[in-house]
2 protein chains.
Amino acid sequence: MAISERKKKILAAVVEEYIRTAEPVGSKAIAQTAGLGCSSATIRNELAELVNMGYLEQPHTSAGRVPTPMGYRMYVNELMQMQKLSLEETEEINQRLNTKLQELDDTISQVSRLASQLTDYPALALTAQSAVTIKRFDIIYVDANTFIIVAMMSNNTVKNKLVRLPVSVNEGLMKKLSALFNANFTGISEDQITPLLINSTERAADDTMGITSVIASFAIEILSEADKPMAFVTGENRLLNQPEYRDPDKAHKLMSYLSTGGHILPPADNMAGSEEVRVLIGPENVAEELKDSSVVIASYDAGDNTRGLIGVVGPTRMDYSAVAAKLSFLAAGLSRRLGGGEAPVEGMHNKLIIKGDDPIEHR
Amino acid sequence: MAISERKKKILAAVVEEYIRTAEPVGSKAIAQTAGLGCSSATIRNELAELVNMGYLEQPHTSAGRVPTPMGYRMYVNELMQMQKLSLEETEEINQRLNTKLQELDDTISQVSRLASQLTDYPALALTAQSAVTIKRFDIIYVDANTFIIVAMMSNNTVKNKLVRLPVSVNEGLMKKLSALFNANFTGISEDQITPLLINSTERAADDTMGITSVIASFAIEILSEADKPMAFVTGENRLLNQPEYRDPDKAHKLMSYLSTGGHILPPADNMAGSEEVRVLIGPENVAEELKDSSVVIASYDAGDNTRGLIGVVGPTRMDYSAVAAKLSFLAAGLSRRLGGGEAPVEGMHNKLIIKGDDPIEHR
DNA sequence: GTTGGCACTCTTTCATTTCGAGTGCTAATA
DNA sequence: TATTAGCACTCGAAATGAAAGAGTGCCAAC
């Protein structure tokens with residue numbers, strides 16, 4: 001059954017009013033605000049039909065109408081127009097994005113924080129999951145008991161580790177090991193680092209002190225760490241601003257679910273290539289804990305052909321339009337910085353300001 | 001005015017019962033549980049005096065008694081006996097402390113998480129604030145546009161940065177700069193890195209491309225970063241478990257105050273040397289937002305003669321005894337790992353397990 | 001100094017009433 | 001046929017009031 005133009009307008013009006021006030025919306029209010037030239041009685045008839053069709057529901061007989069998930073879905077898909085951000089907003093976001101992008105992790109966690117601030121909902125950010133390998137090893141001899149392992153990854157981050165041992169090492173061994181690791185351990189994945197490989201390297205290096213295996217462990221560690229995506233959840237407490245979470249138990253349940261991390265968001269591959277913002281409304285969420293909340297997700301290009309996610313969680317009565325606009329803009333800004341396009345380089349004109357791990361290989 | 005032995009017992013009983021139930025405690029309940037051989041009428045007389053003395057108060061005329069901050073203070077100072085942890089608890093904590101102490105920051109944030117889990121209150125952890133310097137520079141030439149700066153700090157952590165430039169560099173320059181920075185920039189504080197020093201280094205290195213200043217910026221950045229302590233707040237949502245924070249507004253206020261970080265805890269130097277657990281009850285807190293909450297703080301030895309903090313925030317009706325015991329144990333465990341004593345070294349018997357940045361110089 | 005007893009106070013709880021927003025329906029109208 | 005005015009009706013929210021109960025303070029007796 002098709003939905004008439006007027007019904008659409010009314011539905012939109014209900015959704016928007018309800019989003020604004022969190023109170024069931026009555027026929028009178030619509031007649032006044034929505035500006036279609038008809039009386040509240042007409043609206044009532046239409047509303048009744050919209051209830052029949054499943055787009056709206058009544059909390060009780062003598063109350064106004066509230067959108068159902070299906071109603072929100074219709075609104076998001078067809079009726080809503082993505083809010084435009086004001087100049088001030090875009091500027092503020094850009095500015096916030098520009099300031100101190102230190103470590104990649106820090107950047108992402110900052111972005112999560114920013115998303116939460118902008119939307120006033122809890123936000124989460126997931127780093128991209130990608131098959132990282134080590135591109136280059138350097139082993140720095142410090143003193144007889146100490147050396148530093150430096151590993152440059154394929155995504156151009158650098159990991160290091162200071163190792164202190166009860167045995168004596170010397171610069172020659174370090175050099176030898178550097179060369180061997182660069183030859184044998186670069187460009188491979190975690191599970192390609194086998195005991196066999198370690199043993200043969202150990203023999204080749206004349207290493208009788210187990211140093212090879214220490215370095216290999218480090219390689220395994222950072223590879224496995226780089227593999228799994230990280231989740232940053234921020235602003236959980238903002239949930240308490242929402243009337244639907246004034247019940248502490250409800251709030252607590254969702255908050256503790258959130259704080260366990262990023263199971264919440266669908267795998268990033270699902271979003272690959274999509275520049276769109278995705279909306280999951282109430283029961284559309286898989287997780288039981290989210291069945292009466294909504295999630296809005298944008299994906300960003302994290303470079304290296306991978307995508308990460310920024311998401312926001314709130315009641316189904318969420319301001320989809322504003323949130324979508326903000327997340328989309330945020331994701332785009334982040335993509336610009338992390339992803340393809342011109343690889344940012346150290347800005348030497350900024351006298352003493354350094355931008356952290358920004359530099360990412362162009363691909 | 002001295003406080004009689006019996007009054008002490010009664011006060012302790014009130015505090016403990018109130019901590020347990022969060023309900024005002026009546027004379028009858030005390031007569032039954034506290035096991036002093038006297039009737040509820042006697043207790044009533046004593047209670048009335050305790051109210052006069054300021055240790056207890058009545059929410060209203062016909063209610064039981066509730067401890068005042070002064071009452072809690074008396075309890076904490078004189079009446080409470082620190083709870084002993086059960087064997088299982090100590091074992092669990094130790095185990096959790098042992099698993100993957102990666103980066104120092106991660107360790108501290110994990111400990112914060114652990115503290116929150118153990119106590120079921122929000123927890124925060126502060127890293128130590130210390131005058132860190134750089135001990136050693138290594139500048140690694142990668143390719144004509146790329147190099148890596150590696151800086152080993154006086155607290156034996158290692159920082160690195162990948163720099164990508166639009167100009168060409170060569171290995172010779174890198175070597176020269178390495179030597180110069182090791183000579184001129186080690187062992188000094190952030191504000192000793194003056195434009196003068198940078199300029200003279202630049203000239204000495206024949207650096208016409210501003211690379212010296214890039215490296216100097218990095219030095220400044222990591223020094224200033226290492227200077228300021230970092231705060232990790234976890235488990236804010238656990239506040240909602242507490243009846244005194246069932247009011248969402250109250251909870252929200254405190255939670256958002258907490259999430260702004262570590263202004264909450266007094267500076268760590270105050271705690272220097274003290275192995276004690278410190279308790280701040282209600283109005284004893286300086287921050288307005290904490291005036292009716294309590295904070296329990298333990299300090300840990302972070303090595304290098306510095307101390308960090310672990311704290312827990314909750315209602316004044318906090319289980320001080322249990323919390324103090326847990327925090328104290330946790331701090332001790334952390335101190336053992338980070339602080340003085342035998343410097344931990346890479347355990348090579350653990351075949352493939354590496355403990356991260358653990359190794360700390362003995363001093 | 002301690003105790004039993006008892007009147008008193010104040011909150012909590014529950015039922016009842018009132019109020020009002022909003023509906024659904026009917027009949028009149030364009 | 002679609003729209004509208006009017007009106008009775010429903011149901012929740014807020015207000016009111018009565019009853020219950022916990023706990024006290026105090027007094028007189030021990």
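All values reported here derive from a predicted model rather than from experimental measurement.
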- Are any of B:Gln58's side-chain N or O atoms less than 4.0 Å away from OP1 or OP2 of D:dG25? yes
- Are OP1 or OP2 of D:dT24 and a side-chain N or O of B:Arg65 less than 4.0 angstrom apart? yes
- Message: Looking at A:Lys291, I'd like to know if its NZ atom is crowded, meaning that more than 12 non-hydrogen atoms belonging to other residues, nucleotides or ligands lie closer than 6.0 Å.
- Response: yes
- Task: Would you indicate what A:Ser27 reaches in the nucleic acid, counting non-hydrogen atoms under 4.0 angstrom: base, sugar-phosphate, or nothing?
- Result: sugar-phosphate
- Query: What nucleic acid atoms does B:Ala41 come within less than 4.0 Å of, heavy atoms only: base, sugar-phosphate, or nothing?
  - Reply: base
Measure the distance from [atom1] on [X] to [atom2] on [N] and round it to the nearest whole Å.
X	N	atom1	atom2	value
A:Ile10	D:dT3	CD1	P	10 Å
A:His60	D:dC11	NE2	C1'	6 Å
B:Ile43	D:dC26	CD1	P	18 Å
A:Gln32	C:dA21	CD	P	13 Å
B:Lys7	C:dG1	NZ	P	10 Å
A:Lys28	D:dT4	NZ	C1'	14 Å
A:Arg44	D:dA2	CZ	C1'	15 Å
B:Asn45	C:dT3	CG	P	10 Å

- Task: Please test B:Arg246 against A:Asp249 for salt bridge (charged side-chain N to carboxylate O under 4.0 Å, His left out), starting from the C-alpha separation and ending with a verdict.
- Result: CA-CA 9 Å; B:Arg246 292 199 70 77; A:Asp249 293 324; 3.2 Å; yes
- With distance as the sole test, does A:Ser294 use its side chain to make a donor-acceptor pair with the main-chain N or O of A:Met318 at under 3.5 Å? no
- Task: Using modelled atom types only, decide if a donor and an acceptor are shared between the side chain of B:Thr68 and the backbone of B:Gly54 within a distance under 3.5 Å.
- Result: yes
- Task: Report the residue (B:Thr42 or A:Gly64) whose heavy-atom-nearest nucleotide on DNA chain C is the more 5′ of the two.
- Result: B:Thr42
- Query: On a plain distance test, is the side chain of B:Ser62 in donor-acceptor contact with the base of C:dT9 below 3.5 Å?
  - Reply: yes
- Which of these passes ring-ring contact (aromatic ring centres under 6.0 Å, His included) with B:Tyr320: B:Tyr18, B:Tyr75, B:Tyr72? B:Tyr72
